[in-house]
Protein chains: 2
Amino acid sequence: MILGKTTEYALSVLAYMATRSQDMYPAELLHRELKIPRHYLRRLLTDLSKKGFIASSRGRNGGFVFARELSMINFAQVIDAMEGEEAMNICLLGFTACIVDKPCAMHDLWSDARSKMAETLKNTSLADLREKYLNDKG
Amino acid sequence: MILGKTTEYALSVLAYMATRSQDMYPAELLHRELKIPRHYLRRLLTDLSKKGFIASSRGRNGGFVFARELSMINFAQVIDAMEGEEAMNICLLGFTACIVDKPCAMHDLWSDARSKMAETLKNTSLADLREKYLNDKG
DNA sequence: ATAAAATGCTACAAAAAGGTAGTAATTATG
DNA sequence: CATAATTACTACCTTTTTGTAGCATTTTAT
């Protein structure tokens, strides 16, 4: 598994919210639309609130909205928040092989590909996603 | 986690074997050198045998050796074998978001970075690793 | 032969991830 | 004020992954 299921759910939710134009997204709606297990989703949403990506409002007509500008949320941030900082910087040969022999022999060979991936994730915000989505549609 | 622990172990083992020059690698040696839990490693090695990367010989003086030329084993193959074919081709927004809206809005933006990563993994063999390792040392 | 050094196999335990259920707290609306 | 709609919290269950234990089997060296 490249990313955990929970991280995929998180990206799904944020991507969905970023590409629509409602002013409130209740858990139940997201559950229906994205087919993410109801209760599990609820916990995920709470978690995403605590992490500052979205904000919740309780009570009738409550739900979730973005807590910051779409342009201020990029994919690397989300993945970091969900998987831990190391996830993207990990040595593909495992720490052991990497540390034992000092600089992991593959770091050079891979750093290009890896850093390109990392840059792409860092440089792509939810605003970019929204823009692309709306353009592709119209 | 980007790759499962077991996959990292597998890469560690193969990388270790590829960069040394013994003609036999018993599990116990790999356990000592790589600090991978003894019994878990044993199962992993059996698994790697069944998958055709290495071959085992039992009995005294037994152990593991590569089952094919180093140049015939690349990193993509190992990752595929350990994580399943889909691991590298997965849609980062999760299948749901991807399918609901037909072509996932991000596929274009990411396909570059992702395919570069995939190519690198496919084009890098254990022979390349060995060569680089021995050059860096000497 | 026998003992030592290996792998193969099977069953189980522990930890992490994923998923379910229900109650409490909060808020808008009639 | 009462009710309905909503999030917050807590506890528990299931599945997958990781790790442990031990015995059976194979091979080599003495």
Side-chain angles (χ1 to χ4, degrees), chain A residues 1-13 17 22-67 79 81-84 86-87 94-96, chain B residues 1-13 17 22-67 79 81-84 86-87 94-96:
Chain A
M1 136 209 12
I2 290 292
L3 293 177
K5 221 166 195 179
T6 309
T7 303
E8 281 186 17
Y9 287 162
L11 291 170
S12 280
V13 166
M17 288 174 62
Q22 300 184 227
D23 40 50
M24 190 60 76
Y25 298 85
E28 197 56 23
L29 164 72
L30 297 168
H31 161 65
R32 270 200 317 273
E33 294 291 320
L34 300 173
K35 311 280 189 288
I36 300 170
R38 187 178 272 113
H39 289 82
Y40 198 62
L41 172 60
R42 296 267 301 275
R43 278 206 310 211
L44 170 59
L45 290 167
T46 302
D47 191 35
L48 288 172
S49 296
K50 288 186 174 157
K51 285 175 171 153
F53 295 112
I54 56 182
S56 69
S57 55
R58 298 168 73 159
R60 191 159 179 166
N61 296 350
F64 298 87
V65 292
F66 280 105
I79 294 175
M82 300 301 296
E83 301 273 342
E86 335 77 43
F95 296 120
T96 328
Chain B
M1 135 204 19
I2 290 291
L3 294 176
K5 218 167 198 179
T6 309
T7 303
E8 279 185 19
Y9 287 162
L11 291 169
S12 280
V13 166
M17 288 174 61
Q22 300 185 228
D23 40 50
M24 190 60 76
Y25 298 86
E28 196 56 23
L29 165 71
L30 296 168
H31 161 65
R32 269 199 317 273
E33 293 292 319
L34 299 174
K35 312 282 190 287
I36 300 170
R38 188 179 270 112
H39 289 83
Y40 198 63
L41 172 60
R42 296 265 300 278
R43 279 204 309 208
L44 169 59
L45 291 168
T46 302
D47 190 37
L48 287 172
S49 298
K50 290 186 174 158
K51 286 176 170 151
F53 295 113
I54 57 182
S56 69
S57 55
R58 298 170 72 159
R60 192 161 180 164
N61 296 351
F64 298 87
V65 292
F66 280 105
I79 294 175
M82 300 301 296
E83 301 272 341
E86 336 76 41
F95 297 119
T96 327

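Note that these values count all heavy atoms, side chains included, but never hydrogens, waters or copies made by symmetry. Convention: sequence-line order gives letters A, B, ...; per-chain numbering from 1. Because the structure is predicted, anything quoted here is derived from the model rather than measured.
- Straight-line distance from the CZ atom of A:R58 to the P atom of D:dA8: 6 Å, rounded to whole Å.
- Here the side chains of A:H31 and A:L45 are not in contact, with every heavy-atom distance at 4.5 Å or above.
- Residue B:Y40 contributes atom OH, which lies 18 Å from atom P of C:dT10 at whole-angstrom precision.
- In this structure, B:L3 and B:L11 have side chains that are in contact, with non-hydrogen atoms separated by less than 4.5 Å.
- We find that NE2 of A:H31 is positioned 16 Å from C1' of C:dG18, with the value rounded to whole Å.
- Dashed line: the shortest gap from a side-chain N or O of B:T46 to OP1 or OP2 of C:dG8 is under 4.0 Å.
- The separation between A:H39 atom NE2 and D:dT14 atom P is 16 Å, rounded to whole Å.
- Between the NZ atom of A:K5 and the P atom of D:dT14 there is a distance of 17 Å, rounded to whole Å.
- Between A:N61 and A:L41, the residue anchored closer to the 5' end of DNA chain C is A:L41, taking for each the nucleotide with the nearest heavy atom.
- Counting to the nearest Å, the P atom of C:dC9 and the CG atom of B:D47 are 11 Å from each other.
- Within 4.0 Å of A:S49, counting heavy atoms only, lies no atom of the nucleic acid at all.
- Residues A:V13 and A:M17 have side chains in contact (heavy-atom distance under 4.5 Å, counting atoms from C-beta outward).
- One interatomic measurement links the two molecules: CD1 of B:I36 to C1' of D:dT17, which rounds to 15 Å at whole-angstrom precision.
- Contact annotation for B:R38: no contact, since no heavy-atom pair falls under 4.0 Å across all strands.
- Taking only side-chain nitrogens and oxygens, B:Y9 comes nearer than 4.0 Å to OP1 or OP2 of D:dG19.
- Taking side-chain N and O atoms only, A:K50 has a distance below 4.0 Å to OP1 or OP2 of D:dC9.
- One finds no side-chain N or O of B:S57 lying less than 4.0 angstrom from the OP1 or OP2 phosphate oxygen of C:dT7.
- The B:P26 side chain lies nearest to C:dT7 when the options are C:dT7, D:dA21, D:dT27.
- Within 4.0 Å (heavy atoms only), A:T6 reaches sugar-phosphate atoms of the nucleic acid but no base atom.
- A donor N or O paired with an acceptor N or O is found under 3.5 Å between the base of D:dG19 and the side-chain atoms of B:R43.
- Note: OH (A:Y25) to C1' (D:dT7) measures 18 Å, nearest angstrom.
- For B:A27, counting side-chain heavy atoms from C-beta on, the closest listed nucleotide (D:dT7, D:dT3, C:dT7) is C:dT7.
- Among all heavy-atom pairs drawn from A:K35 and A:R32, the shortest one is NZ-O, 3.0 Å.
- Across all strands shown, A:G59 has heavy atoms under 4.0 Å from base atoms, whether or not it also approaches the sugar-phosphate.
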| message | Could you go through B:N61 and B:M24, starting from their C-alpha distance and side-chain angles, then the distance that decides it, and tell me whether this counts as side chain to side chain contact (heavy atoms under 4.5 Å, CB included)? | response | CA-CA 8 Å; B:N61 296 351; B:M24 190 60 76; over 6 Å; no

